[in-house]
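Working notes, structure below.
These numbers come from a predicted model, not from an experiment. In what follows, chains carry the letters A, B, and so on, assigned in the order in which the sequence lines appear, proteins first and then strands, with residues in each chain numbered from 1.
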There are 2 protein chains.
Amino acid sequence: MAGNTSTPGSTVLSRGLALLFAFDDTHRRLTLSELARRAGLPLPTAHRLVGELVAGGALVRRPGGQYVIARRLWQVGLLAPAETGLRELAAPFMNDLHAATRATVHLAVREQSHVLYLERLSGRASVPVASAVGARLPLHATGVGKVLLAHAPDDVVTDTLGRLSRATAHTVTQPARIREQLERVRRDGYATTVEEMTLGACSVAVPITTGGRVVAALGMVVPSLERDRTRLVVALQVAAQGVRRSLDGLGPGP
Amino acid sequence: MAGNTSTPGSTVLSRGLALLFAFDDTHRRLTLSELARRAGLPLPTAHRLVGELVAGGALVRRPGGQYVIARRLWQVGLLAPAETGLRELAAPFMNDLHAATRATVHLAVREQSHVLYLERLSGRASVPVASAVGARLPLHATGVGKVLLAHAPDDVVTDTLGRLSRATAHTVTQPARIREQLERVRRDGYATTVEEMTLGACSVAVPITTGGRVVAALGMVVPSLERDRTRLVVALQVAAQGVRRSLDGLGPGP
DNA sequence: GGTGACCCTTTCACTGAGCGGAAGCAGCCT
DNA sequence: AGGCTGCTTCCGCTCAGTGAAAGGGTCACC
């Protein structure tokens with residue numbers, strides 16, 4: 001910036017991005033002062049920059065004075081490539097799974113030490129689900145997370161096992177037990193959770209592979225695993241095979 | 001900005017946004033010079049700003065030297081509110097439609113004089129479809145577009161009728177005929193197209209209303225309307241009613 | 001109706017961040 | 001070798017950007 005800045009070296013653009021990235025899953029609407037606080041900017045500076053972001057169509061100001069991400073940013077965001085290909089290929093298979101079981105169906109990839117949810121089909125049933133598309137959750141407490149962790153590089157595994165957060169009373173937080181479970185995931189080809197992320201929700205998940213690498217995971221959330229664990233695993237594996245075939249058909253993805 | 005700019009009055013942030021918005025449906029990957037050209041910036045300036053956008057996690061540089069929207073921007077884009085509520089409410093009904101018919105199902109709103117596609121479930125059948133989520137198409141050549149146009153303010157209608165672009169040999173480009181069709185849409189409660197946007201694709205669409213206003217449109221794309229037009233219209237209307245009920249249940253939307 | 005807490009908005013003098021022409025570099029044609 | 005296109009770096013000029021300070025508006029609670 002110019003003149004008497006308190007943090008020389010930082011640029012206008014980086015501050016603008018800090019304002020945009022101040023929004024997250026649990027902060028979809030922010031007031032000016034919240035924005036300034038979260039982006040680490042003085043209030044008048046935030047005021048001016050936010051004004052420009054609104055003028056430029058990146059943010060919208062609600063009547064109440066709260067700011068939200070604008071539709072136009074949603075549109076450009078959808079142009080992000082990596083996920084798009086995988087999501088479009090997986091969509092029909094996810095639809096089949098959803099139609100057959102009426103459960104919540106998830107497509108996720110690993111982003112560092114977190115699961116990133118790429119797609120979700122919500123079940124009609126009243127199973128509580130923590131994930132939302134674009135949201136990140138810990139690897140060790142979700143079905144898709146365990147699948148991805150089981151096939152992650154060693155440094156990610158040790159990093160994750162180093163800080164196992166607790167979400168419910170059933171969350172597994174002993175590294176040794178997780179290692180044991182990961183071994184079983186690799187052997188059996190699927191992972192399960194029982195109320196480890198959300199009470200009242202269990203999950204099953206399988207890997208999606210291409211070229212010998214695990215690139216994503218496909219999972220489902222159900223109220224209980226007692227009855228039809230096998231049926232769900234088979235359905236997931238068939239769907240995952242279908243996605244793999246589509247992926248391989250198109251050559252190495254973007 | 002500072003110093004000897006060629007366009008005084010424009011700000012760094014607005015230039016940064018111009019770079020982001022240089023991406024669109026048909027330009028998902030851009031080289032530095034394309035970005036500079038599309039954003040209207042001198043090349044060295046674009047070079048510097050794009051570098052900052054990459055450092056800030058808004059863009060990613062591919063090995064080939066092409067830039068694409070980064071995953072992080074996809075994530076914040078998903079936080080845009082207006083659409084999210086409607087999409088989530090409509091999703092289960094769209095799934096039902098899709099399961100029952102196996103056709104492509106669309107959810108769209110009007111954005112100025114264009115249809116903006118909020119959601120799409122792709123049919124397995126090989127019907128060519130032009131729309132993608134986040135994409136904009138003309139109002140007069142699509143089923144959902146005609147529905148939205150039929151319930152749009154007068155100025156939008158006259159504006160749209162003033163420049164009726166042609167997409168295929170079947171596109172209706174005479175204002176009088178479109179007016180006639182819009183009248184019929186309002187009377188019958190549904191709109192149709194026959195290969196007007198894409199050859200080999202027909203469509204049916206119905207409005208989604210809340211509080212007496214048409215806020216969106218629900219549509220389907222099929223190879224032909226001959227056989228089961230009535231069946232499709234009924235299915236769509238049932239689904240649209242369901243969405244309306246959900247909308248009304250939650251009070252005035254976000 | 002006073003007081004305090006919270007927002008948001010505007011002002012303004014100082015200055016270094018931003019600018020972009022020019023030049024250099026690398027690849028790829030003919 | 002010469003021309004073309006596209007990327008990167010340099011560097012001196014200068015105005016866009018900065019943020020403390022002050023102003024205004026709206027609640028709620030005493």
Side-chain angles (χ1 to χ4, degrees), chain A residues 1-23 26-70 81, chain B residues 1-24 26-70 81 254:
Chain A
M1 28 281 19
N4 42 350
T5 184
S6 59
T7 56
S10 97
T11 64
V12 197
L13 258 189
S14 70
R15 292 169 171 218
L17 291 178
L19 286 168
L20 293 182
F21 294 145
F23 292 87
T26 54
H27 301 84
R28 299 178 155 229
R29 317 167 164 223
L30 295 172
T31 66
L32 180 59
S33 8
E34 285 169 335
L35 268 167
R37 193 162 38 250
R38 291 174 62 85
L41 297 177
L43 212 145
T45 304
H47 178 251
R48 182 167 27 84
L49 297 184
V50 165
E52 283 181 34
L53 290 173
V54 170
L59 296 181
V60 171
R61 176 166 197 184
R62 289 292 181 84
Q66 293 197 306
Y67 293 90
V68 293
I69 300 287
Chain B
M1 17 286 26
N4 41 352
T5 185
S6 58
T7 54
S10 98
T11 65
V12 197
L13 258 190
S14 70
R15 292 169 172 217
L17 291 178
L19 285 168
L20 292 183
F21 294 146
F23 292 87
D24 69 25
T26 54
H27 301 84
R28 299 179 152 226
R29 314 164 166 227
L30 295 171
T31 66
L32 180 60
S33 8
E34 285 169 336
L35 267 167
R37 192 161 41 249
R38 291 174 62 87
L41 298 177
L43 212 145
T45 303
H47 179 251
R48 179 167 30 83
L49 296 184
V50 166
E52 281 180 35
L53 289 173
V54 171
L59 296 182
V60 170
R61 177 167 195 183
R62 290 292 179 84
Q66 293 196 307
Y67 293 90
V68 293
I69 300 289

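Legend: residues meeting side chain to side chain contact (heavy atoms under 4.5 Å, CB included) with A:R48, ordered by chain and number and at least two apart, are A:T45, A:E52. Annotation: side chain to side chain contact (heavy atoms under 4.5 Å, CB included) contacts of B:A18 (sequence neighbours excluded): B:A39. Residues forming a salt bridge (charged side-chain N to carboxylate O under 4.0 Å, His left out) with B:R28 (at least two apart in sequence, or on another chain): none. Every residue meeting the side chain to side chain contact (heavy atoms under 4.5 Å, CB included) condition with B:V68, not counting sequence neighbours, appears here in chain and number order: A:P81, B:R29, B:V60, B:R62.
Annotation: side chain of A:F23 is in contact with side chain of A:L59 (closest heavy-atom distance under 4.5 Å). The shortest side-chain heavy-atom distance between B:E34 and B:H27 does not fall under the 4.5 Å cut-off.
For the OP1/OP2 pair of C:dG20 and a distance below 4.0 Å, the side-chain nitrogens and oxygens of B:T45 include at least one atom meeting the criterion. The phosphate of C:dC19 (OP1 or OP2) has a side-chain N or O of B:R15 nearer than 4.0 angstrom.
To the nearest angstrom, P of C:dC19 lies 11 Å from CG of B:L13. Separating the CZ atom of B:R48 from the P atom of C:dG16 is a distance of 18 Å, rounded to the nearest angstrom. At whole-Å resolution of the value, CG in A:L19 and C1' in D:dT18 are 14 Å apart.
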Polar-atom pairs under 3.5 Å, protein N or O versus N or O of nucleotides 6-13 of chain C: list them with distances, or write none.
| residue | atom | partner | partner atom | Å |
| --- | --- | --- | --- | --- |
| C:dC8 | OP1 | A:L32 | N | 3.1 |
| C:dC8 | OP2 | A:S33 | N | 2.8 |
| C:dC8 | OP2 | A:S33 | OG | 2.3 |
| C:dT9 | OP1 | A:R61 | NH1 | 2.7 |
| C:dT9 | OP2 | A:H47 | NE2 | 3.4 |
| C:dT9 | OP2 | A:R61 | NH1 | 3.4 |

